[in-house]
Student: 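So that we are looking at the same thing, I have put the structure below in structure tokens.
Residue numbering restarts at 1 for every chain, and letters A, B, ... go by the order of the sequence lines. Worth saying up front: this structure is predicted, and the values here are computed from it rather than measured.
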Amino acid sequence: MADVTTYRESVAEGIAREMRRDDTVVCLGEDIGAAGGVFKTTAGLFEEFGPRRVWDTPISEQAIVGAAMGAAMTGMRPVAEIMFSDFLACCWDYLANEIPKVRYMTGGQVTVPLVIRTANGGGLGFGAQHSQSVENWVLTVPGLKIAAPSTPADVVGLLATAIRSDDPVVFFEHKGLFASKGAPAPDGHEVPFGQAALLREGADVTLVALASTVPLALAGADRLAEQGVRADVLDLRTLVPLDVSSVLRSLERTSRLVVVEENPYQGGWGGTVVSVVAEEGFELLDAPIRRVAGANVPLPFADALEEQVIPTVDKVVDAVRALVDY
Amino acid sequence: MTEATELLRLHETMSVIRRTEKAAHDLFMSGLVKGTTHLAAGQEAVAVGARAALRDGDYAFATYRGHHHAIAWGATPAECLAELMQRATGLNKAKGGSMHLTKAASGMLGSYAIVGSHLPMAVGAAWSARLRGTGQVAVAFFGDGATNIGVFHEALNLAAVWKLPVLFVCENNLYMEYTPIGSVTAVANPAADRASAYGLPAELVDGNDVVAVQDAVVRAAQVARAGDGPTVLEARTYRHYGHSRTDPASYRPDGELESWLERDPLTVSAHRLRSLGLTDDDIKAAEDRAASLVDDAVDTAKSAPDADLAEAFTDVWADGGAAWRT
Ligand SMILES: Cc1ncc(C[n+]2csc(CCOP(=O)(O)OP(=O)(O)O)c2C)c(N)n1
């Protein structure tokens with residue numbers, strides 16, 4: 001096995017491992033078959049598993065997710081792809097009203113073990129309808145699990161957990177990370193949900209990040225280290241379940257919190273993290289909390305403008321500096 | 001004579017449904033049923049005829065007007081009424097209510113209150129049946145109003161291109177909520193006329209004749225099980241009550257209800273039973289059995305304990321719980 005792999009290749013690898021293990025796992029989505037997906041995240045699956053397991057669909061987001069739901073209710077483990085996460089809005093009924101509620105409102109009679117994978121986030125100049133970071137949309141709906149890996153190995157490990165889960169999972173792959181490289185996942189790799197990864201240990205500030213903001217937080221921590229500020233960097237890895245215990249444990253050491261999230265500040269997941277900290281960890285804090293989040297504007301096209309509105313290393317460093325000097 | 005015996009059984013099931021709905025109506029008036037109900041009185045033949053045409057384990061998906069499908073698929077009047085009366089013994093543990101009656105154990109996989117949403121779920125269940133090689137078919141029951149929803153078209157197209165064993169059964173009761181379907185629809189037969197756009201066969205069925213429904217569904221199921229894909233059935237029928245509990249249906253032209261009552265499904269089947277040699281006493285005995293079953297169900301539901309408060313926090317996840325954080 002190569003000693004590095006890409007995030008993009010890890011998506012196909014993670015799905016393939018589960019398809020080899022369990023033949024109730026099937027994939028469906030637009031262009032995912034012989035074409036290998038618009039982001040090439042399903043490359044090789046059609047060749048290995050054939051048209052009985054890997055299904056090209058029409059451009060019908062509601063039918064894709066609705067059919068995945070029906071299949072999941074009746075013995076399959078479908079992995080549905082929604083090409084860009086912005087398009088989740090086209091099948092939002094299924095995410096908001098159908099998939100997360102059916103188990104509850106049937107009194108536990110029906111289980112929906114499906115995964116909806118989608119390419120999330122900005123940074124690539126795709127404009128306002130192909131760049132949004134929409135974890136916060138999903139977070140507003142009780143009944144959906146949310147995973148958003150930041151490394152190739154986590155892609156595989158979290159996909160394993162997602163596909164084996166009897167609960168519905170929305171799996172956010174970040175477009176800006178597809179080309180990033182890292183260690184491949186070991187055989188049988190599984191990353192449990194609800195366990196943040198402590199990627200770096202410091203004593204001065206806790207940086208809480210997810211997916212695209214993990215490398216930003218790590219780069220920020222490097223720069224801060226040069227200035228003598230030591231940061232804990234936590235990668236949440238999943239938003240539901242949310243590992244607030246690890247955040248509180250880190251704050252016991254650092255007493256300062258900066259949350260770095262790409263979705264808009266308004267309604268962003270960081271708001272949930274800080275509200276739990278405010279309720280349960282207030283005494284741990286020596287400074288106000290800061291959130292570095294997307295701005296409340298549609299994402300602009302030009303690189304320079306996009307940088308204005310999404311988190312950057314500079315913004316992370318500035319936020320931390322403001323707290324350290326507090 | 002078996003034909004008459006079988007028809008008498010269907011007549012009795014239709015009577016059970018009719019009586020259960022009458023009980024729901026009366027319990028609503030006396031304040032024991034809360035929320036809302038959408039009664040299907042007048043449409044029993046569609047549910048009962050379809051179920052009679054299918055096999056044990058075939059899947060059904062219904063709408064908020066789904067009491068008749070739930071009972072046809074094996075839900076007891078006692079568990080349905082207990083659900084409507086918010087009792088712990090309710091079909092959905094009092095977490096679903098009238099609009100969400102579900103009997104998953106016998107393949108009735110839910111009643112969905114977002115118009116049209118369940119059509120792709122039925123497509124997915126049929127896809128799953130095909131992948132698992134079980135020979136099951138799935139049937140989606142929906143109102144005429146659903147045919148103008150986008151997902152109707154997505155579902156028909158996907159089912160057609162994948163040639164899935166799914167039946168689309170439109171209960172055309174002439175009205176959406178209060179608006180006649182004809183006044184907002186470009187074609188005369190809202191489901192059947194559109195089937196050809198997807199290359200699908202369609203049939204107009206007398207929805208008040210349980211035998212006609214049964215025969216049409218037998219034919220469509222044969223086609224589906226042979227691997228030849230979906231059929232669209234449009235059953236003309238009529239709801240006796242208004243759209244929901246608060247609707248007096250004053251928009252209906254004079255005489256319309258009366259003319260449909262002459263062709264009430266129970267009247268039609270009683271007439272046929274007589275032509276098959278059964279006596280009025282035979283028919284009355286079946287109706288009396290239905291009446292006493294429902295009377296007992298009302299007593300059982302009334303004496304059932306109230307909803308268990310702990311159930312508010314169960315069944316979000318497959319592990320039975322609702323935890324969203326560590
Ligand atoms: C997507 C959506 N839009 C609107 C409604 C409100 N609504 C509930 S029932 C109904 C009428 C549906 O008519 P039809 O499909 O013909 O079914 P019927 O009530 O006649 O069985 C409407 C508009 C809804 N539940 N879902």
Student: Taking atom CD of Glu48(A) as the centre, does the number of heavy atoms from other residues, nucleotides or ligands within less than 6.0 Å exceed 12?
Tutor: yes
Student: Picking from Thr272(A), Leu28(A), Thr57(A), which has the most non-hydrogen pairs under 4.5 angstrom with chain B?
Tutor: Leu28(A)
Student: Between Arg325(B) and Val276(A), is there a donor-acceptor pair closer than 3.5 Å when you use the side chain of the first and the backbone of the second?
Tutor: no
Student: Picking from Ser246(A), Gly143(A), Gly108(A), which has the most non-hydrogen pairs under 4.5 angstrom with chain B?
Tutor: Gly143(A)
Student: With distance as the sole test, does Lys93(B) use its side chain to make a donor-acceptor pair with the main-chain N or O of Gly107(A) at under 3.5 Å?
Tutor: yes
Student: Between Ala155(B), Ala104(B), Ser117(B), Ala113(B), which shows the greatest number of heavy-atom pairs under 4.5 Å with chain A?
Tutor: Ser117(B)
Student: Taking His118(B), Gln136(B), Arg132(B) one by one, which has the highest count of heavy-atom pairs under 4.5 Å against chain A?
Tutor: Arg132(B)
Student: Less than 4.5 Å apart, any side-chain heavy atom of Trp55(A) and any of Leu131(B)?
Tutor: yes
Student: Mark yes or no for whether Gln109(A), through its side chain, and Leu91(B), through its backbone, hold a donor-acceptor pair below 3.5 Å.
Tutor: yes
Student: Only pairs of heavy atoms separated by less than 4.5 Å count here; which of Val240(A), Val244(A), Leu248(A) has the most with chain B?
Tutor: Val244(A)
Student: Indicate whether any N or O donor in one side chain lies under 3.5 Å from an N or O acceptor in the other, for Asn92(B) and Thr106(A).
Tutor: no
Student: Assess Lys145(A) against Trp317(B): is NZ or CZ under 6.0 Å from the centre of the six-membered ring, and within 45 degrees of the ring's axis?
Tutor: yes
Student: Does any backbone or side-chain atom of Ile99(A) lie under 4.5 Å from a heavy atom of chain B? Answer side chain, backbone, both or neither.
Tutor: neither
Student: Where does Asn97(A) contact chain B at under 4.5 Å (heavy atoms): side chain, backbone, both or neither?
Tutor: side chain
Student: Any donor and acceptor pair, going by atom type alone, linking the side chain of Asp166(A) with main-chain N or O of Ala318(B) inside 3.5 Å?
Tutor: no
Student: Counting only non-hydrogen atoms closer than 4.5 Å, does Thr134(B) touch chain A with its backbone (N, CA, C, O), its side chain (CB onward), both, or neither?
Tutor: neither
Student: Is there a donor-acceptor pair under 3.5 Å between the side chain of Tyr104(A) and the backbone N or O of Ala312(B)?
Tutor: yes
Student: Count the heavy-atom pairs under 4.5 Å between each of Pro58(A), Pro241(A), Ala71(A) and chain B, then report the option with the highest count.
Tutor: Ala71(A)
Student: Are Tyr59(B) and Met73(A) side-chain neighbours, meaning at least one heavy-atom pair lies under 4.5 Å?
Tutor: no
Student: Quick one: what part of Val112(A) sits under 4.5 Å from any heavy atom of chain B, side chain, backbone, both or neither?
Tutor: neither
Student: Select, from Arg52(A), Gln195(A), Gln62(A), Arg103(A), the one with the greatest count of heavy-atom pairs under 4.5 Å involving chain B.
Tutor: Arg103(A)
Student: If you count heavy-atom pairs within less than 4.5 Å of chain B, which of Ser165(A), Ala63(A), Pro78(A) leads?
Tutor: Ala63(A)
Student: Measure Trp127(B) against the heavy atoms of chain A and call it side chain, backbone, both or neither at under 4.5 Å.
Tutor: side chain
